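Heads up: the structure comes next, in structure tokens.
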Amino acid sequence: MTDNQPRLTFNDHAKAPQLGFGVFQIDNDIVSDAVATALDVGYRSIDTAAFYKNEKGVGEGMRRSGVPRSEVFLTTKLWNEDHGFDAALKAFEASLKKLGTDYLDLYLIHWPLPRRDRYVETWNALIQLQSDGRVKSIGVSNFQPDHLQRLLKETGVAPVVNQIELHPDFTQREVVAFNTRHNIVTEAWSPLGQGGDLLTQEKLVDLGARYDKSAAQVILRWHIQRGHMVIPKSEHAERIRENFAIFDFNLSDDELQAIDALDAGNRLGPHPDELN
Ligand code: NAD
């Protein structure tokens with residue numbers, strides 16, 4: 001690892017690039033181009049999921065890029081239909097096969113599905129995969145504090161990451177505070193608010209103008225300075241490049257707080273307690 005991008009250290013001592021490339025809704029036939037472009041630009045972390053149905057193309061893009069497997073931090077996620085101990089082990093093998101790799105850097109439970117109540121059993125399968133050396137780190141996504149509390153109480157093993165919806169107008173303070181207290185890294189999904197109104201908000205555009213940066217770059221810089229892992233998505237080479245060009249400026253404390261204050265409670269995805 002010779003580049004200068006920031007890396008975070010997990011509670012299991014593994015390290016991960018703070019900025020990664022997300023590939024939700026990028027079709028399997030075009031995702032390999034996007035992944036190869038991202039790796040060429042300098043990203044060293046890719047976030048996919050079984051649910052995105054593009055793991056095969058992600059693996060192809062990684063191989064095509066010529067960047068060694070050992071230099072890429074690869075995340076995928078276990079989908080909802082695969083909760084349960086045996087089902088989780090099987091889903092893991094299926095993802096590895098599609099990706100064309102023999103290990104993962106990070107495996108996440110995509111949603112807790114509390115009414116089905118199998119996430120502790122599923123978590124035990126991930127613990128097993130990690131102790132077998134098949135995956136370096138294990139984590140969760142969309143877990144609320146009470147779900148995390150149960151994992152801690154019933155297995156004693158804390159996730160390294162909780163990947164949650166997080167953007168300036170939905171900052172999830174309580175979940176982030178719980179993560180921080182338990183040394184769980186907060187990873188922001190839809191970090192740009194899915195490219196909606198946030199990117200034209202006057203405050204963010206004006207702030208960007210001070211640094212010759214776009215609103216998207218200001219938002220991503222805010223995530224980095226707030227300590228989140230962050231995984232913006234784009235299919236377009238110029239935006240993939242733009243979203244990586246965030247390591248040559250610093251927002252002041254006042255500017256960070258002004259962005260914190262944009263929180264309007266705008267959740268875009270489902271509430272984790274309600275998705276079952
Ligand atoms: P995002 O916030 O990254 O927004 C992506 C959209 O923003 C793009 O489609 C494009 O329209 C726009 N955009 C990107 N860069 C831009 C730029 N520089 N200028 C202008 N517009 C730009 O939204 P996302 O894709 O939903 O989230 C990112 C990643 O998070 C996903 O790809 C996926 O990997 C992950 N994710 C995880 C979950 C989960 O449940 N764990 C859910 C959703 C997304």
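Quantities reported herein were computed from a predicted structural model and do not represent experimental measurements. Note that ligands are numbered from 1 as they come in the structure, with each ligand's atoms numbered from 1 the same way. Heads up: numbering here begins at 1 and tracks the sequence.
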### Task
Could you check whether the rings of Y43 and F244 sit parallel, tilted or perpendicular, using 30° and 60° as the cut-offs?
tilted
### Message
Please list the nearest protein heavy atom to atom 23 (O) of ligand 1 with its residue and the distance rounded to 0.1 Å.
### Response
S190 CA, 3.5 Å
### Query
Regarding D3 and Q5, is there a side-chain donor-to-acceptor distance under 3.5 Å anywhere?
yes
### Message
Students should be able to answer this: which protein heavy-atom is nearest to atom 34 (O) of ligand 1, and at what distance?
### Response
D47 OD2, 2.7 Å
### Query
Which of the numbered atoms in ligand 1 are below 4.0 angstrom from a heavy atom of L199?
20 (C), 21 (N), 22 (C)
### Query
Among protein heavy atoms, which sits nearest to atom 4 (O) of ligand 1, and what does the distance come to when rounded to 0.1 Å?
Q194 CA, 3.2 Å
### Query
Quick one: does S234 get an N or O within less than 3.5 Å of an N or O on ligand 1?
no
### Task
Look only at interatomic distance and state if P232 has a nitrogen or oxygen under 3.5 Å from any nitrogen or oxygen of ligand 1.
no
### Query
Going by the order shown, which atoms of ligand 1 are within less than 4.0 Å of some heavy atom of G195?
4 (O), 6 (C), 7 (O), 12 (C)
#### Entry: V230 side chain near L220 side chain, heavy-atom distance below 4.5 Å
yes
#### Entry: N or O pair under 3.5 Å between A216 and ligand 1
no
#### Entry: Selection from I240, I231, I164 by shortest heavy-atom distance to atom 29 (C) of ligand 1
I231
#### Entry: Derivation and outcome, salt bridge (Lys or Arg N to Asp or Glu O under 4.0 Å), residues D105 and R44
CA-CA 12 Å; D105 294 280; R44 287 295 177 269; over 6 Å; no
### Task
Compute whether any side-chain donor of one residue and acceptor of the other, for T48 and E55, lie under 3.5 angstrom apart.
no
### Task
Can you pull out the closest protein heavy atom to atom 5 (C) of ligand 1? Residue, atom name and distance to 0.1 Å, please.
K233 O, 3.4 Å
### Message
Whether the N183 and N11 side chains hold a donor-acceptor pair (N or O, under 3.5 Å, no angle test) is what I'd like checked.
### Response
no
### Message
Does the plane of the ring in F51 sit parallel, tilted or perpendicular to the ring in W79? Use 30° and 60° as the thresholds.
### Response
parallel
#### Entry: D47/K233 ion pair, N-O < 4.0 Å
no
### Query
Quick check: does S141 get an N/O under 3.5 Å from an N/O on ligand 1?
yes
### Query
How far is atom 33 (C) of ligand 1 from its nearest protein heavy atom, and which residue and atom is that?
Y52 OH, 3.3 Å
### Interfacing atoms of ligand 1 (cut-off 4.0 Å, heavy-atom, H110)
39 (C), 40 (O), 41 (N)
### Task
Measure the acute angle between the ring planes of W111 and W189, then classify it against the limits of 30° and 60° as parallel, tilted or perpendicular.
perpendicular
### Task
State if P191 counts as touching ligand 1 under the rule of any non-hydrogen atom under 4.0 Å.
yes
### Message
For ligand 1 and A188, I'd like to know whether there is a polar contact (N/O to N/O, distance under 3.5 Å).
### Response
no
### Query
How about R69 and Y103: does a side-chain donor come under 3.5 Å of a side-chain acceptor?
yes
### Query
For ligand 1, which part of N243 has a heavy atom less than 4.0 Å away: the side chain, the backbone, both, or neither?
side chain
### ligand 1 contacted by F21 (non-hydrogen, < 4.0 Å)
no
### Task
Compare all side-chain heavy atoms of Q149 with those of F178 and state whether any distance is below 4.5 angstrom.
yes
#### Entry: Heavy-atom side-chain proximity of I231 to T75 below 4.5 angstrom
no
### Query
Centre of F92's six-membered ring, under 6.0 Å away, within 45 degrees of the axis: is that where NZ or CZ of R134 sits?
no
### Task
Can you figure out which of E165, R241, E238, Q163 has its heavy atom closest to atom 37 (C) of ligand 1?
Q163
### Query
Please state which protein non-hydrogen atom is closest to atom 2 (O) of ligand 1 and give its distance, to 0.1 Å?
L192 N, 2.8 Å
#### Entry: Atoms in ligand 1 flagged as close to G22, the criterion being non-hydrogen separation under 4.0 Å
32 (O), 34 (O)
### Query
Which residue and non-hydrogen atom of the protein lie closest to atom 40 (O) of ligand 1, and at what distance in Å?
N142 ND2, 3.0 Å
### Query
In the protein, which heavy atom is nearest to atom 11 (O) of ligand 1, and how far is it?
R239 NH1, 4.0 Å
